[in-house]
2 protein chains.
Amino acid sequence: MRTTIYDVAKEAKVSIATVSKVINNKGHISEKTKRKVQEVIVALNYQPNMMASALMGKRTKTIGLLIPDIANPFFSELARSIEDRGHEFGYNLVMCSTDYIQEKENKYITLLKRKSVDGFIIASGFENLDKIEELVKEDIPVAIVARDSPMFYVNTVALDDFMGGYLAASHLIELGHKNIGVIARDVWSNRERLRGFKQALEENKLEFTPDFEFIKEINHIEAGKYMTRKYLDAPHPPTAIFACNDLLAAGVIQGGKEVGMSVPEDLSVIGFDNTILATIIEPPLTTISQPIQNMGKEVMDIMISMITGEVKEKRRLTLLPSLVERKSTSKLTV
Amino acid sequence: MRTTIYDVAKEAKVSIATVSKVINNKGHISEKTKRKVQEVIVALNYQPNMMASALMGKRTKTIGLLIPDIANPFFSELARSIEDRGHEFGYNLVMCSTDYIQEKENKYITLLKRKSVDGFIIASGFENLDKIEELVKEDIPVAIVARDSPMFYVNTVALDDFMGGYLAASHLIELGHKNIGVIARDVWSNRERLRGFKQALEENKLEFTPDFEFIKEINHIEAGKYMTRKYLDAPHPPTAIFACNDLLAAGVIQGGKEVGMSVPEDLSVIGFDNTILATIIEPPLTTISQPIQNMGKEVMDIMISMITGEVKEKRRLTLLPSLVERKSTSKLTV
DNA sequence: AAAATAAGGTTAAGCGCTTCAACTAATGTT
DNA sequence: AACATTAGTTGAAGCGCTTAACCTTATTTT
């Protein structure tokens, strides 16, 4: 069987209480005893069972990460940065892809609570906050990342999505585009981007595209293609499209190509996220950059400080997007 | 405090043993008692603490997933398919990115053992098998996926990497290429692909490129660019390049563009994996396809059957790659 | 009708750990 | 010298659960 604290205690000729204290560096232990116990621990290759200490109210050093889809580059890059920061402090992540499905998210939360995770980092696009509120009430650390939701009192690391949409629209407007299509999903972040987008339009006395509708399809690329075809088939096709993420933008470019439009000559395309895709897509994608690395680090830091109890008051950290100009947008040629 | 089994027992006026039996559907309990207990469970919203049952030797329903990098699309797609299959059976995944660093992998394994995960699915490119052997000896379920290593007796779901390399080379050779560069990392799967590649070369009496060296750089795209430049600067630059994954291929195409070579006219490029990138890259990437979905499902199925003890004997499932022709390769024009 | 088996439930031990209370011995304070 | 504090250690309780062992009572088996 596995080595337990009893084995160590017996071998070191002390009580298990002493061993426990040595491990956790608590209470008063003489240097001599401490050394002896540590030697035995090494000799027996003893690894404390975290289940047992978790049962005694200690931390599991495990955090639940809820994201819409780990196969989406934005989220896998975000997950990676969160994982890295957590790893520095000994935390592991349980990964849950929720596919924007509320039910799945709730099930995962319930399950992970039973597994006594120390906290939840949530990046999925839920609308219903009941489950989150439940966590907060039960004093389980929750932090939200890469989405915002001002009606709620939770630690949040978000992007200024409104600003992102505003930047995207402003860029296209500056290039002379007046008829701009938008592709978005009906989630909070996208709605904010849309709001920013409309704001810029309004300031320039431009009309919002009448053909807009939220996408429903889960597969972003397909959704991008579909909406693009729809836009280009309309009576007054747009000369530019703002896609609310890079994956959608990839779909737009593909959809455009399929009907013989070249980007950016016939159609300017701007994305959102600045994932690795943006550099790979041809033409390289002009996009709104989210500081992914930073978001991951910040949200993990907040999570850890909630767990350790250092920080009690809630805060909302809003990071700013920036425009990254590449080759998928160009001046409107009349 | 949280509702415990004691609360349920008291409320239902039975012993905690009875409650436990109802929950686990064990032993003989009258319908009446069963119903009563279940009602109370619902009424109190009781969620059994999995730490406690794990301590008693039951499963944690959590599996450790070791991969080189979740931000690499191949692994995030693989992770997603493993997660989905696991989710069907109530399993969660703890995600660990090891960056091909043995030390990191070992640390993660040690840590997750302490957390009593039910098993390990390993997709990282380790060379040293001591840690894995240790797991096998301790009777902890381990399954290896997306890599192979014939010197070891572990359940494995792998791709026929040799065949993959062979297919890639054959395709290029058929197109008339005689001088083909290769970009690979010094990991088992890549070495196998290389072996298959060389085999095809040999059968066609072609020479292996003298400029080959394994990449060391972690960032695949940069590595791809670097090696491409190196190849193209050589006295007899290759007319085609086989990149051992799609990310490297993306780097190759970018590197080629930077020196004014266009793909596939001046340089044919073939990738490996057939991730989402292959469809996004311009030109769309000809690549060797791995059945990612299937691999994920199969390895999770094996893992579950190991955990439940259904299957005792070890097996090695080898899936076959296939060539997906897109636009990045073309006939050699002399 | 006696013996064996099954049904329905309880008691209590124990998984591997943390921590409080308690005790002794040494050191500091006035 | 009398008292308080600190250092060093241990015993034992208990976290929330599972399960073997046990006890009744009801049902079969022979």
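Chain letters run A, B, ... following the sequence lines, proteins first and then strands; every chain starts at 1.
- Judged purely by atom type and a 3.5 angstrom limit, B:Thr156 uses its side chain to pair as donor or acceptor with the backbone of B:Val154.
- Judged by distance alone, with hydrogens and angles left aside, the side-chain atoms of A:Ser97 form a donor-acceptor pair with the main-chain N or O of A:Ile70 at under 3.5 Å.
- Of all nucleotides in DNA chain D having an atom under 4.0 Å from a heavy atom of chain B, the first and last in 5' to 3' order are D:dG16 to D:dT19.
- In this structure A:Leu111 satisfies the side-chain contact (heavy atoms from CB on, under 4.5 Å) test together with A:Lys115, B:Met50, B:Asn92, sequence neighbours excluded.
- A straight line from CE of A:Met50 to P of C:dT18 spans 10 Å, rounded to a whole angstrom.
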List every contact pair, protein side and nucleotides 19-28 of chain C side both N or O, where the distance is under 3.5 Å.
residue: C:dT19; atom: OP2; partner: A:Lys26; partner atom: NZ; Å: 2.9

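- Between the CG atom of B:Leu65 and the CG atom of B:Leu78 there is a distance of 7.0 Å, given to the nearest 0.5 Å.
- Sorted by first and then second residue, the pairs that involve residues 41-66 of chain B and meet salt bridge (charged side-chain N to carboxylate O under 4.0 Å, His left out), not counting sequence neighbours, are B:Arg59-B:Asp118.
- Taken over five-pair windows at either terminus, the axes of the helix from C:dA1-D:dT30 to C:dT30-D:dA1 are inclined to one another by 30° (rounded to 10 degrees).
- Scanning residues 27-48 of chain B for heavy-atom distances under 4.0 Å to DNA chain C yields B:His28, B:Ile29, B:Ser30, B:Thr33.
- The salt bridge (Lys or Arg N to Asp or Glu O under 4.0 Å) test applied to A:Arg80 returns A:Asp84, B:Asp69, B:Asp99, not counting sequence neighbours.
- In this structure, A:Glu39 has no salt bridge (Lys or Arg N to Asp or Glu O under 4.0 Å) partners at least two apart in sequence or on a different chain.
- Between the CG atom of A:Asn25 and the P atom of C:dT18 there is a distance of 13 Å, given to the nearest Å.
- A distance-only check finds a donor-acceptor pair linking the side chain of A:Ser15 to the backbone of A:Thr18 [under 3.5 Å].
- A search for salt bridge (Lys or Arg N to Asp or Glu O under 4.0 Å) contacts involving B:Glu192 returns B:Arg195, not counting sequence neighbours.
- For A:Tyr91, the ring pair (Phe, Tyr, Trp, His ring centres under 6.0 Å) test picks out no residue, with sequence neighbours left out.
- One finds a side-chain N or O of B:Ser15 lying less than 4.0 angstrom from the OP1 or OP2 phosphate oxygen of C:dT10.
- Scanning for salt bridge (Lys or Arg N to Asp or Glu O under 4.0 Å) contacts around B:Lys113 gives B:Glu134, B:Glu138, with sequence neighbours left out.
- The salt bridge (charged side-chain N to carboxylate O under 4.0 Å, His left out) pairs that include a residue from residues 5-21 of chain A number zero, where partners must be two or more places apart or lie in different chains.
- The main-chain N or O of A:Gln47 is found under 3.5 Å from a side-chain atom of A:Arg2 such that the two form a donor-acceptor pair.
- Here the C1' atom of nucleotide C:dT18 and the OH atom of A:Tyr6 are 11 Å apart, to the nearest Å.
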